[in-house]
Amino acid sequence: MIRVQTEDFDIGAEIGKMTAGNSEIGGLASFVGLVRDYAGDEKISSMTLEHYPGMTEKQLSRLEAEARERWDLQDVLIIHRYGTLNPGDRIVLVVTASAHREASLESCQFLIDWLKTKAPFWKLEDRESGAQWVESRSEDSVAADKWVRVTDA
Amino acid sequence: MIRVQTEDFDIGAEIGKMTAGNSEIGGLASFVGLVRDYAGDEKISSMTLEHYPGMTEKQLSRLEAEARERWDLQDVLIIHRYGTLNPGDRIVLVVTASAHREASLESCQFLIDWLKTKAPFWKLEDRESGAQWVESRSEDSVAADKWVRVTDA
Amino acid sequence: MQVLYFGWVRARIGISKEELSPPPEVTTVASLIDWLKGRGDGYATAFEDSTSLRVAVNQEIAQLDAEITDGDEVAVFPPMTGG
Amino acid sequence: MQVLYFGWVRARIGISKEELSPPPEVTTVASLIDWLKGRGDGYATAFEDSTSLRVAVNQEIAQLDAEITDGDEVAVFPPMTGG
């Protein structure tokens with residue numbers, strides 16, 4: 001399941017819903033991304049996430065489908081927030097559940113790596129020196145590319 | 001922090017405590033291991049975890065220290081339950097928090113891999129055909145060994 | 001043709017969306033961008049460095065040489081920074 | 001010497017812990033295990049296949065040839081299955 005929303009999410013409740021009544025789940029991996037208070041040595045007072053409504057939902061659904069195709073998963077949840085967030089606020093939640101720990105851990109890492117470069121979000125940091133767009137990092141492209149399969153090339 | 005206990009744990013509350021007031025955390029990875037209802041095609045009615053009191057705490061603390069030495073982590077939490085658990089029950093929680101997602105995801109995977117082979121727990125499954133000790137899997141040794149550093153050999 | 005801008009592309013141009021009727025020689029995203037550059041300083045600045053631009057056609061990631069037609073939804077934006 | 005058993009080692013022997021005073025020729029974990037085998041069928045069965053045994057001395061993982069002395073806490077168990 002995917003959700004794009006301005007509201008915060010409750011990690012425990014989301015995981016609880018996923019595991020309640022499904023005792024085929026042996027391993028559940030999750031990742032939470034949060035707004036940090038510093039970018040380098042500059043204090044951040046807030047971060048505004050802009051996204052591409054319509055395309056965002058399509059892309060996240062596609063990422064979920066891709067993860068389910070690559071791994072034997074019991075469940076997948078991606079929640080991505082947009083709007084203005086403060087340091088310490090949660091931005092994104094990825095949860096993957098499988099019978100086996102390897103599948104859950106790997107697919108969670110996969111989804112986070114691909115979200116970085118394939119989910120249409122842009123981040124504007126409100127820094128002491130003024131507003132600054134978060135630049136894409138080459139390490140993120142490298143991390144995303146390591147999941148490209150030879151058959152996809 | 002490490003905890004060895006019979007009681008269940010609240011994932012959302014644990015993660016909330018970790019992130020509250022620490023806005024240096026950019027990424028937080030977690031893993032939950034749960035009791036499955038089947039082993040192969042045999043139904044499991046319960047699982048009893050036995051551990052080595054004293055040594056367990058030592059080993060888990062050592063794993064936490066090792067993770068903190070290898071990655072730049074803001075926080076680490078390992079909770080491992082023992083006693084008799086039912087299908088769907090949570091067994092273990094690992095949470096790692098870092099400024100960066102890579103460190104949190106990698107260290108979480110590391111801790112789970114090492115827990116499998118280095119935490120003194122033994123599992124007795126109550127199956128339809130009778131009680132059966134869970135055997136260690138060679139894949140788990142392989143997964144654990146991939147984290148051995150050349151300097152440790 | 002619906003054209004959308006995001007991130008610093010949107011910020012430089014000053015609008016997030018516009019309905020455009022480009023001339024017939026605009027057949028690809030690249031030629032659309034070239035044509036847009038003539039519409040004002042904001043566009044010229046936003047599209048200065050084409051290697052830093054990413055595009056989508058009808059909400060699907062596309063290349064700069066992707067063909068486009070009248071009814072398409074075309075979006076131009078910086079590299080995505082999700083997660 | 002405190003000796004502890006876990007998992008199916010404990011189940012086969014029937015006890016989880018015992019205070020023992022092995023003879024002077026018992027200087028390593030391996031020789032302790034050999035001596036224990038003579039204490040009854042449960043021990044013999046539990047220690048049948050030494051490759052499936054793991055040991056700890058004073059709560060630290062050790063090898064079968066690890067030296068042990070009187071005050072030590074020695075544990076014998078199957079491969080661990082944590083997590």
Side-chain angles (χ1 to χ4, degrees), chain A residues 2 4 31-36 39 47-63 78-82 90-94 108-126 130-144, chain C residues 1-20 28-30 32-33 36-37 41-83:
Chain A
I2 65 124
V4 183
F31 178 84
V32 187
L34 301 109
V35 181
R36 276 187 294 155
M47 177 189 271
T48 300
L49 285 103
E50 176 181 344
H51 80 115
Y52 186 169
M55 180 169 167
T56 306
E57 290 78 1
K58 275 190 194 171
Q59 284 288 91
L60 298 190
S61 296
R62 189 169 292 169
L63 295 191
I78 304 172
I79 302 178
H80 207 307
R81 294 176 73 189
Y82 63 94
R90 288 174 274 267
I91 304 170
V92 64
L93 173 67
V94 173
C108 184
Q109 174 121 35
F110 162 79
L111 284 169
I112 278 295
D113 284 344
W114 274 27
L115 277 172
K116 285 275 163 193
T117 61
K118 293 179 198 293
F121 286 86
W122 298 273
K123 294 168 179 163
L124 183 65
E125 287 174 347
D126 192 3
Q132 175 95 37
W133 290 95
V134 174
E135 282 186 58
S136 63
R137 303 186 313 157
S138 59
E139 305 95 284
D140 290 338
S141 299
V142 172
Chain C
M1 180 181 297
Q2 180 108 288
V3 185
L4 295 87
Y5 312 110
F6 295 99
W8 51 252
V9 172
R10 174 191 56 70
R12 287 178 192 173
I13 292 175
I15 51 173
S16 57
K17 191 191 289 196
E18 53 189 334
E19 187 66 39
L20 296 172
T28 64
V29 181
L32 172 69
I33 288 174
L36 284 167
K37 278 183 190 169
D41 285 354
Y43 293 90
T45 315
F47 299 145
E48 212 162 39
D49 173 18
S50 69
T51 63
S52 66
L53 296 176
R54 299 293 180 273
V55 301
V57 176
N58 298 324
Q59 306 191 351
E60 304 279 347
I61 297 293
Q63 301 301 314
L64 281 171
D65 61 3
E67 292 190 7
I68 49 176
T69 58
D70 244 15
D72 285 341
E73 176 177 313
V74 181
V76 189
F77 42 78
M80 297 173 269
T81 54

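In the text below, chain A, chain B and the rest are named by the order of the sequence lines, each starting its count at 1. On a predicted model such as this, the values are computed, not experimentally measured, just so you know.
Of the residues considered (A:G33, A:P120, A:S141), A:P120 shows the highest number of contacts with chain C, using heavy-atom pairs under 4.5 Å. With respect to chain C, the highest number of heavy-atom pairs below 4.5 Å among A:H80, A:Q59, A:R137 belongs to A:H80.
The part of C:R10 that comes within reach of chain A is its side chain, from C-beta onward, which places non-hydrogen atoms under 4.5 angstrom from that chain. When heavy atoms are compared at a cutoff of 4.5 Å, A:E135 approaches chain C solely by way of its backbone atoms N, CA, C and O. When heavy atoms are compared at a cutoff of 4.5 Å, C:I61 approaches chain A by way of both its backbone and its side chain. Residue contact with chain C, scored on non-hydrogen atoms closer than 4.5 Å, involves the side chain of A:K58 exclusively. There is no contact between A:R81 and chain C, counting heavy-atom distances below 4.5 Å. At a 4.5 Å heavy-atom cutoff, the contact between A:I91 and chain C is made by side-chain atoms alone.
Distance check, rounded to the nearest 0.5 Å: CD of C:E18 to CG of C:L36 gives 6.5 Å. Here C:L32 contributes atom CG and C:I68 contributes atom CD1; the two are 4.5 Å apart, rounded to the nearest 0.5 Å.
Remark: A:E139 does not engage A:K116 in a salt bridge, criterion side-chain N to carboxylate O under 4.0 Å.
Below 30°, between 30° and 60°, or above 60°: for A:W122 and C:F77 the angle between ring planes is between 30° and 60°, a tilted geometry.
No more than 12 heavy atoms of other residues, nucleotides or ligands shown are found within 6.0 angstrom of CD on C:Q63.
Judged as a side chain to side chain contact (heavy atoms under 4.5 Å, CB included), and not counting sequence neighbours, the contacts of C:S52 are C:W8, C:D49.
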